[in-house]
Amino acid sequence: MRAALAALLSHWRRSPLQLAMLLLGLALATALWSGVQAINAEARASYAEAAATLGQDRLSRIAADGPVPQETYVALRRAGWRVSPVVEERLRIDERRSLRLIGIDPLTLPAPAQQVEFGEGDALLPFLTAPGLIFADPETLARMEGADLPPLRAAEGLPPGIGLMDIGQAQRLLGMEGRISHLLLDPEAPQPGPLPDGLRLVSPDSESDVARLTDSFHLNLTAFGLLSFAVGLFIVHSAIGLAFEQRRPMFRTLRALGVTARTLIGLLFAELLLFALLAGAAGLLLGYLVAALLLPDVAATLRGLYGAEVPGTLAFRPGWAAAGLGIALLGTLVSSAQSLWRVAHLPLLAPAQPRAWAVASERALWRQAMAAVGLLILAGALLLWGRGIVAAFVLLAALLLGAALLLPVLLAALLRGAQGLARGPIAQWFWADTRQQLPGLSLALMALLLALAANIGVGTMVSSFRLTFTGWLDQRLAFELYLSAPDQETADRVVRWLEPRAEAVLPIVRAETEVRGQPAQLYGMADHPTYRENWPLLAEAPGVWDLLAGGGWALVNEQLARREGLEPGDPIRLPGWEGRIAAVYSDYGNPSAQVILGLDRFFALHPDAERRRYGIRVAPDRAAALAEEMRAAFDLGDEGLIDQASLKGFSLQVFERTFAVTAALNVLTLGVAGLAMFASLMVLSGMRLPQLAPVWAMGLTKARLARLEMLRTLLLAAGTMAAALPLGLALAWVLLAVVNVQAFGWRLPMHVFPLDWLTLGALALVAAALAATVPVRRLARLRPADLLRVFANER
Amino acid sequence: MWTVRVKDPSDKLLSLEGVSKSYATGEGPVQVLAGVDLTLAAGQSLALTGESGSGKSTLLHLAAGLDAADRGRIVVAGHDISQAGDAERARLRRGTVGLVFQQFNLIPSLDVAANLAFQARLAGRHDPRWQAELAETLGLAACLHRYPEQLSGGQQQRVAIGRTLAARPRLVLADEPTGNLDEATGDAVMALFLRLVDQTGAGLLMVTHSARLAARLQGRVQLSAGRLA
């Protein structure tokens, strides 16, 4: 058995490049997949940590529709409720930084919520007394360097992005004097009676809202990781297929010499296992590096889009490593299943035919076409009847895989047509020979198709999104200036000051509400031309603005409308209000449900809602000067007053970072596909000599043959690009019209960007040319002796 | 239909003067040919015999311009190819020389008809009637639309021979062309070769181990240890 294994392994010694490609393909596939998984694992661990902050995954809370007045807390304590007050609000430090500040009362905090050791009392006093002390994890601490904050101290075990301080100091810092966000209930103490009106009991929740909100984002990342993994597996499948084909005579010899089929399969299996472990380990290392590189962007995206805090540094998790090795093994098995099956059914006495693999592949072409049609029908069925994000991703997978399987069938038909039209002998040979090369190249071409289609699809989606988002921002951010006063008194003074100076000063008011049992944001909207002329409506009832101002109608955002199947005219009920929907508006970048009522109706429902934020209309050319005056007069600072351009800039920055990871994965996938092409061409070039030598002997120079080889590669890449275009557009449509709707709740109009296609097409040709350069140069520089070996008896 | 050329024994189709060739191996250079002189006139057929490894195939490859000699002069149809570049030698192979390989070396992606026509079309001398006659004589008429992999070894060799003859080259270089054929087909193929030589004035240099076939040609030279005996 050892001799047989040595014989099998000797192939790799003689074909180190093939071995390198196999290992590289598997390592890259594992790297991209496990890289994405590392990011997901890190983010989910952070969500779990955040959910467990102050024991909220185990402790019940008492909350109100808005902040709880401090007097209510005092009254509850006097009535015998063992509750501890908490304030929790995001504190904006500057343009780029913010901190989720949590204020606690360390003296009444229930035991499960204790997260900070105050030591021998050396921290307690500065914690309780002005200016206070903020505890944060070391990474957050580093991020807050230079911020205008009270003293900071490192505390292990706190989730990233959170600052923990005394409630009194936090109230002052957040401008929440006299108000509490919620009350933590001591689980040990009995409840002395029913809760007073306006308060409600919130059960502990092991999954944070953030985890729920970001599910779609992580699913998107996982889908991309899976696509990269699949593209990598094409290299592995190709390398294993060719290696098995080249060793076919050796398999027969081994069988003829008495090695049983079972032993042979076992040896091959062991060989593959060894490769999978080696490449898997390398892939894990590479994946860790990829994840470490991408994580800061992902963390920024999650912070910007969902307010989710994920650390920018990566922790090593043994479970992740084991899963990575597992996926490498699984990938190897999937890639080699067909080859192993063929070896198991290898007829012992059949003559060794170099073209047997190609012939078998041609026969398989028909079956492949059938499978492709089946997958495309499945995609169509899912499009018509599928529901939910998982169905959307299965639809994407079926579409991509179906199209990839169809590619060789289409290319074979095209080449057959070209051969039929060819007149000269060289042209005729060229097309026939290209057809013959197709089975060996088809896997690489399929990988290229997937990478190009993903590039076109995701590129179209991102560019469409960018175009729509920019237009939408122009509509939505219609005020020239946005005021966010530190307290009510300042807000009132500023508004009075603005009356003679601004064209309009409209309040931006918000409260928490519930729609059909789900949390939602409720806004109040003044009846003003600013909204009538600008607010981006997707569907509306006639006279929408008058209806809204009347108080009996509401606007809902697209996310809520799609999730609940709501349309203009439908009834809608909020706590304390019942009415109809006047319109649905687009609300990109916001994962939450949102309802807008007329301002009067809003205040009727939430009379205590804060009025610290205002939108200010002023002639655009006067906006900068007015802002200067306001800052000077009221000491508003950068956070208190934001101009339209800054806000748009910030929103676009969040948008760009959101897709930075997607773009990086896109480029990596294209790189892997280029490598697959290179691997296949290199391996094939070694098998090409018997096909090229006779043509050379009959009078074609090596240089011409090399040029024809290059032309062949470029033509196949161009054909693949041509097929990738409609597939990519279909992918973009599915992403925009199906996946986005399921994942985020909004649908975007699709725009096309032909210039991007030309760039990508040129890039694909350059990648193909680069991939072909080495084998073509090798052919052009071949010594006659190498070609003559083909004609030698001893060959 | 044969194209008849004037036979002139003084018309040297192939001339080798002091040709030497060695190959580098792991154990140092191996001298394959050591100063070979050989002349083949138009309309002449010559058998080249010798033991395995005596340099027969190498001599054939040098004569065809597939490889360059280390030393010596090789003239094919009046062209000195000793110093010729790749392109010039390729042109000579395309237009003047016909090669029959022992290993057939058909083009696997083309069917039998396209294989038969290939070299003639490259040379610009494709004659469908002549090709049909060849296919008939070689017993290939029934398998013109099959691919090489669907043929037996003997059939493949007949296609390889037909491909060369279809181009009506001035110089035919054949490396054991009948080695894979049964005796009757081998004889028929030999008759075709000789008919080509006789009627077109082509030259034929054929490597063979068969004394019986060698006897049918006009002359015979033997290679031994890189030299003509």
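Residue numbers start from 1 in every chain, and the chains themselves are labelled A, B, ... in the order their sequence lines are given, proteins ahead of strands.
- Inspection of the B:Ser22 and B:Asp70 side chains reveals an N or O donor paired with an N or O acceptor under 3.5 Å.
- For a residue to count as touching a neighbouring chain, one of its non-hydrogen atoms must lie under 4.5 Å from one of that chain's; by this rule B:Leu122 touches chain A with backbone and side chain alike.
- The two atoms that bring B:Leu62 and B:Lys21 nearest to each other are CD1-CB, 4.0 Å, heavy atoms only.
- For the residue pair A:Arg712 and A:Thr434, a side-chain donor N or O sits within less than 3.5 Å of a side-chain acceptor on the partner.
- Contact between B:Asp175 and B:Ser57 at its shortest, heavy atoms only, is OD2-OG, 2.9 Å.
- Within residues 74-81 of chain B, no residue approaches chain A closer than 4.5 Å by heavy atoms.
- Near-neighbour residues of residues 413-425 of chain A relative to chain B, defined by a heavy atom under 4.5 Å from a heavy atom of that chain, comprise A:Gln419, A:Arg423, A:Gly424, A:Pro425.
- Heavy-atom pairs under 4.5 Å with chain B were tallied for A:Ala697, A:Pro784, A:Ala703; the largest tally goes to A:Ala697.
- Chain A forms more heavy-atom pairs under 4.5 Å with one residue of B:Ala90, B:Ala64, B:Ala123 than with any other, namely B:Ala90.
- With 3.5 Å as the limit, one finds a donor-acceptor pair spanning the side chains of B:Asp67 and B:Tyr23.
- Checked by atom type and distance alone, the side chain of B:Gln155 pairs as donor or acceptor with a backbone atom of B:Ser152 at under 3.5 Å.
- For B:Arg93 and A:Trp696, the positive end sits near the middle of the six-membered ring, less than 6.0 Å away and at most 45° from its axis.
- Each of B:Thr49, B:Leu48, B:Thr58, B:Leu38 was compared with B:Leu223 under the side chain to side chain contact (heavy atoms under 4.5 Å, CB included) criterion, and only B:Leu48 meets it.
- Using a 4.5 Å cut-off between heavy atoms, B:Phe118 touches chain A through backbone and side chain atoms alike.
- Considering every non-hydrogen atom in both B:Arg89 and B:Ala68, the closest pair reads NH1-N, 3.6 Å.
- For B:Leu66, the parts lying under 4.5 angstrom from a heavy atom of chain A are both the backbone and the side chain.
- Applying side chain to side chain contact (heavy atoms under 4.5 Å, CB included) to B:Val112 and the options B:Leu110, B:Asn115, B:Leu116 leaves one that passes, B:Leu116.
- In this structure, A:Arg247 satisfies the cation-pi test against A:Phe244, with its NZ or CZ atom closer than 6.0 Å to the six-membered ring centre and inside 45 degrees of the ring normal.
- For A:Trp431, no part lies under 4.5 angstrom from a heavy atom of chain B.
- Under the 4.5 Å side-chain criterion, counting only non-hydrogen atoms from C-beta, A:Thr713 is not in contact with A:Glu709.
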